[in-house]
Amino acid sequence: MSNATESMAPLAGCGDRFSVDALEGLSRRRKCLPCQYFYDAIGSALFEEITRQPEYYLTRTEIAILNSNVAQMLKKSLNETILIEFGPGSSVKTEIFLREMHWLYAYAPIDVSESFLEDSRQRLQNRFPQIRVRPLLANFSHQINLPEELAERKKLGLFLGSTIGNFAPSEATQLLGAMRATLSPGKRLIIGVDLKKDVRQLLRAYNDAKGVTAAFNLNLLSRINRELRGAFDLPAFRHEAIYDPIEGRIEMHLVSLKDQIVGVGDGELGFRKGETIHTENAYKYTIEEFHGIAESAGWTAGRVWTDDQSLFSVHELVDSR
């Protein structure tokens, strides 16, 4: 019998992006799954429940910062007629801006999910019939060539929800550079960044007592079972979130509770007891650390807004070139 740490047979998938990425990650010596695949319909619903857990400070703190400071954030925006949001999530945060931007020509959300963009368009068009909603189906990690209708107008970018923390610092620099290119000319970006804090508070946020984050993490395996003919036994894995003080990040893992063989598609994977699947990183920064990353991507750090406990920050970045 093959050692449980090795793949037992070549994995074959159905050829779509999820299949290719999942099977490639699970075939590595250190197994991993890309965090973007958390968000199927079930995963998205679970994430919304996570944001309502008392331990999960991030969403409610960012919303409070936006509500208290949106007028200041938009003080320079009278000539910014396009609002571009990279990877929009819940419309709650978007609506904070749309309610104030009476002069707006168009709102352009960018995402890789066509169904999500259409749902967002319908919802926001009903709420704000005076605003043109122009969804853009694209991967915003690269520069996007905007439609002529939008390209030459001045733009304000939004990247909220501390999503920047899912990228390693070098990747975050590249991403911010791509956003800067997409927003040209008249570049300005409002971005949410989670801050370093007491490790115990961080760990509670990613290990809520109700177990919603655990269910969210394990749903990745359920999704493989549903979509890729997987045979993961969910009770044979547990959720684990740890903090790496050297990297300055929360890591989410799924830990195998026993030596086991799991069928996926036409192949099999071996797991030894205690082996993990690394599913997400969430980097935390000081304000100065994030400014360094932004400046290396060609931005100049502008104003910063935080809550009174300095749990979370919202930054203004302006073009420096």
Side-chain angles (χ1 to χ4, degrees), residues 16-22 33-48 50-51 58-59 62-63 66 80 82-98 101 104-128 131-151 153 155-167 171-172 174-184 187-193 216 219-220 223 227 279-282 314 317:
D16 64 10
R17 193 71 253 166
F18 176 41
S19 173
V20 171
D21 289 346
L33 287 168
C35 64
Q36 67 260 35
Y37 297 113
F38 279 132
Y39 300 98
D40 64 348
I42 294 172
S44 295
L46 284 168
F47 181 74
E48 288 304 311
I50 287 171
T51 67
L58 292 89
T59 301
E62 184 179 34
I63 288 173
L66 297 177
E80 293 168 339
I82 307 295
L83 181 65
I84 292 183
E85 187 166 13
F86 299 95
S90 166
S91 63
V92 172
K93 298 173 193 174
T94 307
E95 290 183 17
I96 294 171
F97 287 87
L98 294 181
M101 300 183 77
L104 197 64
Y105 175 79
Y107 166 66
I110 302 175
D111 201 84
V112 295
S113 170
E114 189 170 9
S115 60
F116 176 85
L117 286 173
E118 178 56 22
D119 290 345
S120 177
R121 186 195 66 78
Q122 291 182 11
R123 182 173 61 253
L124 291 173
Q125 201 71 82
N126 289 336
R127 293 272 291 156
F128 302 93
I131 295 175
R132 299 171 180 84
V133 181
R134 298 288 187 265
L136 299 172
L137 185 65
N139 179 349
F140 59 75
S141 63
H142 307 286
Q143 179 180 355
I144 297 167
N145 295 319
L146 299 174
E148 186 176 351
E149 176 190 19
L150 309 179
R153 295 176 180 269
K155 307 164 194 73
L156 174 65
L158 294 182
F159 192 41
L160 302 175
S162 73
T163 307
I164 192 69
N166 294 143
F167 298 84
E171 297 169 336
Q174 293 176 359
L175 178 63
L176 290 172
M179 291 178 173
R180 181 177 160 274
T182 297
L183 292 170
S184 178
K187 315 169 191 73
R188 197 163 71 97
L189 180 67
I190 302 294
I191 180 170
V193 180
F216 174 72
N219 181 60
L220 265 174
R223 184 175 180 186
E227 300 181 23
T279 56
E280 184 178 49
N281 292 321
V314 178
L317 303 181

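In this text, all values refer to a predicted model and were calculated from it rather than measured experimentally.
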Chemist: Which atom names give the shortest non-hydrogen contact between Val133 and Gln125, and what distance separates them?
Modeler: N-OE1, 3.4 Å
Chemist: As an exercise, state the distance from CG of Leu98 to CG of Leu124, rounded to the nearest 0.5 Å.
Modeler: 6.0 Å
Chemist: Cationic tip of Arg223 within the cone over Phe18's six-membered ring, i.e. under 6.0 Å and within 45° of the normal?
Modeler: yes
Chemist: Do Leu183 and Phe86 pass the side-chain contact (heavy atoms from CB on, under 4.5 Å) test, and can you show the C-alpha distance, the side-chain angles, and the key distance before you say yes or no?
Modeler: CA-CA 11 Å; Leu183 292 170; Phe86 299 95; 4.1 Å; yes
Chemist: Quick one, Tyr107 and Thr94 - any side-chain contact, counting heavy atoms below 4.5 Å?
Modeler: yes
Chemist: Ion pair present between Asp119 and Arg123, side-chain N to carboxylate O less than 4.0 angstrom?
Modeler: no
Chemist: Decide side-chain contact (heavy atoms from CB on, under 4.5 Å) for Val92 and Thr59; before the verdict, give the C-alpha distance in whole Å, the side-chain angles of both, and the deciding distance to 0.1 Å.
Modeler: CA-CA 10 Å; Val92 172; Thr59 301; over 6 Å; no
Chemist: Is there a side-chain contact between Leu176 and Leu189 in this structure, where contact means two heavy atoms from C-beta onward sitting under 4.5 Å apart?
Modeler: yes
Chemist: Is Ser44 reaching over with its side chain to a backbone N or O of Ala41, donor-acceptor style, under 3.5 angstrom?
Modeler: no
Chemist: Looking only at non-hydrogen atoms, find the nearest pair between Thr182 and His142 and report the distance.
Modeler: OG1-O, 4.0 Å
Chemist: At what distance, to the nearest 0.5 angstrom, does CD of Glu280 lie from CD of Gln36?
Modeler: 10.5 Å
Chemist: Closest heavy-atom contact between Val112 and Ala138?
Modeler: CG1-O, 3.4 Å
Chemist: Give the minimum heavy-atom separation between Phe140 and Gly87, together with the two atoms involved.
Modeler: CE2-N, 3.3 Å
Chemist: Anything under 30° is parallel, anything over 60° is perpendicular, the rest tilted; go ahead and classify Phe47 against Tyr39.
Modeler: perpendicular
Chemist: Does the Glu85 side chain pair with the main chain of Pro109, one donor and one acceptor, at a distance under 3.5 Å?
Modeler: no
Chemist: Nearest 0.5 Å please: distance from the OG atom of Ser19 over to the OH atom of Tyr37.
Modeler: 9.5 Å
Chemist: Please give me the minimum heavy-atom distance between Asp40 and Asn219, naming the atom from each residue.
Modeler: OD1-ND2, 3.0 Å
Chemist: Of all heavy-atom pairs between Leu220 and Thr279, which one has the smallest distance, and what is that distance?
Modeler: CD1-CG2, 3.7 Å
Chemist: Which residue, Glu80, Lys155, Glu149, forms the side-chain hydrogen bond (donor to acceptor under 3.5 Å, both in side chains) with Tyr105?
Modeler: Glu149
Chemist: Say whether, by atom type as modelled, one donor and one acceptor occur between the side chain of Asn166 and the main chain of Asn281 under 3.5 angstrom.
Modeler: yes
Chemist: Out of curiosity, Ile110 CD1 to Leu117 CG, how far, rounded to the nearest 0.5 Å?
Modeler: 9.5 Å
Chemist: Please determine whether side-chain contact (heavy atoms from CB on, under 4.5 Å) holds for the pair Leu150 and Ile84, giving the CA-CA distance in whole Å, both sets of side-chain angles, and the decisive distance to 0.1 Å.
Modeler: CA-CA 10 Å; Leu150 309 179; Ile84 292 183; 5.7 Å; no
Chemist: Run the side-chain contact (heavy atoms from CB on, under 4.5 Å) test on Leu66 and Leu160 for me, step by step, so that the C-alpha distance in whole Å, both residues' side-chain angles and the decisive distance to 0.1 Å come before the verdict.
Modeler: CA-CA 10 Å; Leu66 297 177; Leu160 302 175; 4.0 Å; yes
Chemist: Nearest 0.5 Å please: distance from the CE atom of Met179 over to the CG atom of Leu158.
Modeler: 10.5 Å
Chemist: To the nearest 0.5 Å, how far apart are CD1 in Ile190 and CG in Leu317?
Modeler: 7.5 Å
